[in-house]
Amino acid sequence: MATPISLPPLPWAENALDPVISANTISFHYGKHHKTYVENLNKLIAGTEYADLPLEKIVSATAGKSDKSAIFNNAAQTWNHTFYWNSLRPNGGGEPPAALKQKIEAAFGSVDACKKELSATSVSQFGSGWGWLVADGSTLKIVKTANAETPFTQGLKPLLTLDVWEHAYYLDYQNKRAAHLDAVLDKLINWEFAAQNLG
Ligand code: MN
């Protein structure tokens, strides 16, 4: 029997990101939204050719296939959310580790300019989606994706992500997506995780 895809534990306590992201938001976002993507995915892949694949392979194998969109959406949302939790940490923000900082300065001019572009690009995602810092070969870029789309299916290496679905901020910030993102970038963003992903 195939091993189901699991919901990984959060890397911090539910209230650890408060007050920027409240325990209430995390409780719904992780405990309902993320959990439901995992449950739906396991139902959808049961008994199919995808049942034995690791999560990344399921995402890659279904990307761009209109007849597999339900599996893709739930698989990619499962992956994106785990990546998102790790992109955040209590007492985040501040200065990136030296090797990452150098790459950021080469691509954007400064850490501040990188944060501004990441925020602006994420704010500009119409409807639901994600903002990302990615490596494209040896250079860094900011990209946005719609709905469940994820950059690793496009040959880009994700370094960190921001969830701009309304469920990520509506309980705490209502319609103020930009205010939420700026607070996250200043206080919660996990540059160490991004540096690890740089490899
Ligand atoms: Mn989300």
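From a predicted model like this one, the values you see are computed outputs, not experimental measurements. Just the heavy atoms: all of them, side chains too, but no hydrogens, waters or symmetry mates, feed the values below. Counting starts at 1 for both ligands and their atoms, following the listed order.
For the Mn ion (ligand 1), the N/O/S atoms of H81 include one lying under 2.8 Å.
Of all the N, O or S atoms in H29, the one closest to the Mn ion (ligand 1) is NE2.
Side-chain polar atoms of S124 and K144 form a donor-acceptor pair below 3.5 angstrom. Side chains of S22 and D172: a donor-acceptor N/O pair is present below 3.5 angstrom, by distance only. With no hydrogens or angles considered, a side-chain donor-acceptor pair links N80 and T150 at under 3.5 Å. Side-chain atoms of Q77 and W130 form a donor-acceptor pair, as typed in the model, at a separation below 3.5 Å.
With the Mn ion (ligand 1) at the apex, H167 NE2 and D163 OD2 define an angle of roughly 130° (rounded to 10 degrees).
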